[in-house]
K.L.:
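Submitted below is the structure of interest, expressed as structure tokens.
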Amino acid sequence: MITLTERQSLILKAIVRDYTEGGNPVGSKSLVQELPIKVSSATIRNEMAHLEALGLIVKTHLSSGRIPSIKGYRYYVDHILKPEKVDSKDLKVIQHSLGGEFHKIDEIVAQSADILSQLTSYTTFTLRPELKHSRLSGFRLVPLGNHQVMAILVTNNGDVENQTFTIPNDLTGDELEPVVRFIDDQLIGLPLQDVLAKLQQEIPLKLSHYLQNPDGFLDIFGSVLSKAASERFYVGGKLNLFDYTTKQNPQEMRSLYSLLDQTDNLANVIGTPGQHIQVRIGNEITNDLLKDYSLITATYDVDQHGQGIIAVLGPTAMPYSRTIGLMGAFQRELARKLLEYYRYFDE
């Protein structure tokens with residue numbers, strides 16, 4: 001295990017700060033002016049040689065200065081970093097952006113990804129709170145003519161999902177009415193996951209009392225229900241990802257971009273964050289496409305409504321202190337906004 005002296009820690013901290021803010025290798029002469037302790041350039045060079053021997057900083061081919069290594073970033077995050085306090089301007093941006101009128105939780109969560117991306121200039125992800133507490137509170141079929149119907153599903157927290165379907169020629173609107181009443185009588189108030197389970201088990205048999213061939217309706221109901229019950233990551237600043245990549249291979253670039261559109265892959269990459277903000281750097285991220293990036297993840301807690309996830313994906317040379325400070329403020333403000341929303345529907 002590496003243990004640094006206070007002076008070595010101050011030097012590593014300054015190198016990380018200077019390089020992540022300016023992008024240029026850091027030399028001993030500039031550090032003489034920056035360190036909060038009085039020390040000679042020769043002493044700094046000796047300490048930098050020690051940090052280099054430990055693998056915490058490395059020399060570049062283009063300069064005599066040094067830059068942090070992946071190992072150096074890891075040590076900095078684990079032992080030196082203190083989250084930067086969010087300034088009032090950024091806090092106002094967050095509060096103002098979340099202060100508008102929203103009609104669905106997904107609108108709030110999607111907006112959050114965009115705000116966080118704007119503040120960090122990185123690619124961001126947000127996931128709404130867990131859906132295990134969402135219950136079915138309404139289901140309707142609205143005839144549109146030409147054998148088309150709109151299926152509308154409402155949950156207890158105000159979420160509305162709708163999809164338009166073409167129904168089979170032998171299925172009429174009159175035949176569907178008792179089926180919708182059956183849904184109201186038997187399934188309203190149940191958690192969405194329980195309704196999905198019943199859809200695979202007893203519902204098809206019961207619907208056969210109302211419909212000669214219930215498959216058409218089951219496809220309609222199952223599709224809109226699955227959409228309402230599915231977890232969805234919202235992505236902000238997709239193109240920001242390419243501002244920090246060293247990849248030139250077009251196939252790798254396409255793979256990187258398509259990764260952002262695949263919820264299952266994103267879920268695997270982001271994992272299940274703990275209560276505290278977590279930082280994974282380089283090869284610590286499970287996907288090889290992201291070995292040149294750092295991923296900062298956190299959960300936000302919405303009381304009995306569960307937890308959601310926020311994440312920032314950026315270069316390994318990101319300003320960790322500022323980014324983690326923003327994540328902390330965002331956790332609090334997003335949770336507060338969602339609690340307001342849930343309270344409105346619980347009244």
Side-chain angles (χ1 to χ4, degrees), residues 102-110 113 125-235 258-268 270 305-306 308-309 341-342 345:
F102 298 94
H103 300 99
K104 297 171 64 176
I105 285 179
D106 283 7
E107 291 177 3
I108 302 172
V109 178
F125 311 98
T126 52
L127 178 68
R128 57 175 292 159
E130 301 154 307
L131 290 162
K132 62 185 179 184
H133 298 293
S134 292
R135 296 175 179 272
L136 180 64
S137 65
F139 179 74
R140 291 291 177 270
L141 289 176
V142 180
L144 301 176
N146 294 323
H147 293 285
Q148 286 198 316
V149 296
M150 178 181 288
I152 303 171
L153 184 148
V154 184
T155 67
N156 62 311
N157 52 32
D159 280 349
V160 179
E161 291 293 348
N162 62 76
Q163 284 183 258
T164 301
F165 298 89
T166 300
I167 59 175
N169 291 336
D170 59 349
L171 195 59
T172 67
D174 290 341
E175 289 178 286
L176 289 174
E177 281 186 20
V179 178
V180 173
R181 284 198 297 271
F182 165 81
I183 298 295
D184 285 346
D185 293 341
Q186 300 291 320
L187 302 177
I188 295 300
L190 294 180
L192 297 185
Q193 298 300 331
D194 289 1
V195 179
L196 278 170
K198 287 178 177 292
L199 196 62
Q200 303 300 320
Q201 297 162 6
E202 66 257 37
I203 290 179
L205 181 61
K206 290 183 177 179
L207 286 184
S208 63
H209 297 303
Y210 302 93
L211 297 171
Q212 187 173 1
N213 182 2
D215 290 348
F217 173 79
L218 289 170
D219 289 342
I220 294 172
F221 185 56
S223 179
V224 73
L225 179 63
S226 296
K227 186 179 176 185
S230 63
E231 291 191 329
R232 273 161 284 174
F233 278 99
Y234 293 92
V235 183
S258 66
L259 174 69
L260 305 183
D261 289 323
Q262 299 167 4
T263 295
D264 289 345
N265 286 344
L266 283 179
N268 289 334
I270 293 172
H305 300 286
I309 295 173
Y341 183 92
Y342 280 120
F345 283 98

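Note that the numbering runs from 1 along the sequence shown for the chain.
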K.L.:
When you measure from the side chain of Ser226 to the backbone N and O of Ser223, does any donor-acceptor pair fall under 3.5 Å?
P.N.:
no

K.L.:
If you draw a 6.0 Å radius around NZ in Lys198, do more than 12 non-hydrogen atoms from other residues or ligands fall strictly inside?
P.N.:
no

K.L.:
Tell me, do Leu218 and Ile203 make a side-chain contact under 4.5 Å, heavy atoms counted?
P.N.:
yes

K.L.:
Work out which heavy atom in Ile188 is nearest to a heavy atom in Phe139; give both atom names and the distance.
P.N.:
CD1-N, 4.4 Å

K.L.:
Could you give the distance from OG1 (Thr155) to CG (Leu136), rounded to the nearest 0.5 Å?
P.N.:
8.5 Å

K.L.:
Are side-chain heavy atoms of Leu127 and Leu266 found at a separation under 4.5 Å?
P.N.:
no

K.L.:
Given Val179 and Leu207, is the side chain to side chain contact (heavy atoms under 4.5 Å, CB included) satisfied, shown in steps?
P.N.:
CA-CA 7 Å; Val179 178; Leu207 286 184; 3.5 Å; yes

K.L.:
Verify side chain to side chain contact (heavy atoms under 4.5 Å, CB included) between Phe221 and Leu199, making sure each step is shown before the conclusion.
P.N.:
CA-CA 9 Å; Phe221 185 56; Leu199 196 62; 3.7 Å; yes

K.L.:
Minimum heavy-atom separation for Val224 and Glu161, please, with both atom names.
P.N.:
CG2-O, 3.8 Å

K.L.:
Roughly how far apart are Phe165 CZ and Phe217 CZ, rounded to 0.5 Å?
P.N.:
10.0 Å

K.L.:
Find out whether Arg140 and Val180 are in side-chain contact, i.e. whether some heavy atom of one side chain is under 4.5 Å from a heavy atom of the other.
P.N.:
yes

K.L.:
How far does CZ of Arg135 sit from CG of Leu187, to the nearest 0.5 angstrom?
P.N.:
13.0 Å

K.L.:
Say you draw a straight line from CG of Leu190 to CG of Asn156; how long is it, rounded to the nearest 0.5 Å?
P.N.:
11.5 Å

K.L.:
Could you pull out the closest heavy-atom pair between Pro204 and Pro214, with the gap in Å?
P.N.:
O-CG, 4.1 Å

K.L.:
For a side chain to side chain contact (heavy atoms under 4.5 Å, CB included) check, start with the C-alpha distance between Val149 and Val142, then their side-chain angles and the critical distance, and finish with the verdict.
P.N.:
CA-CA 5 Å; Val149 296; Val142 180; over 6 Å; no

K.L.:
About how many Å separate CZ of Arg128 and CD of Glu107, when rounded to the nearest 0.5 Å?
P.N.:
11.5 Å

K.L.:
Step by step, would you call Met150 with Leu141 a side chain to side chain contact (heavy atoms under 4.5 Å, CB included)?
P.N.:
CA-CA 6 Å; Met150 178 181 288; Leu141 289 176; over 6 Å; no

K.L.:
Is there a donor-acceptor contact under 3.5 Å from the side chain of Thr126 to the main chain of Val109?
P.N.:
yes

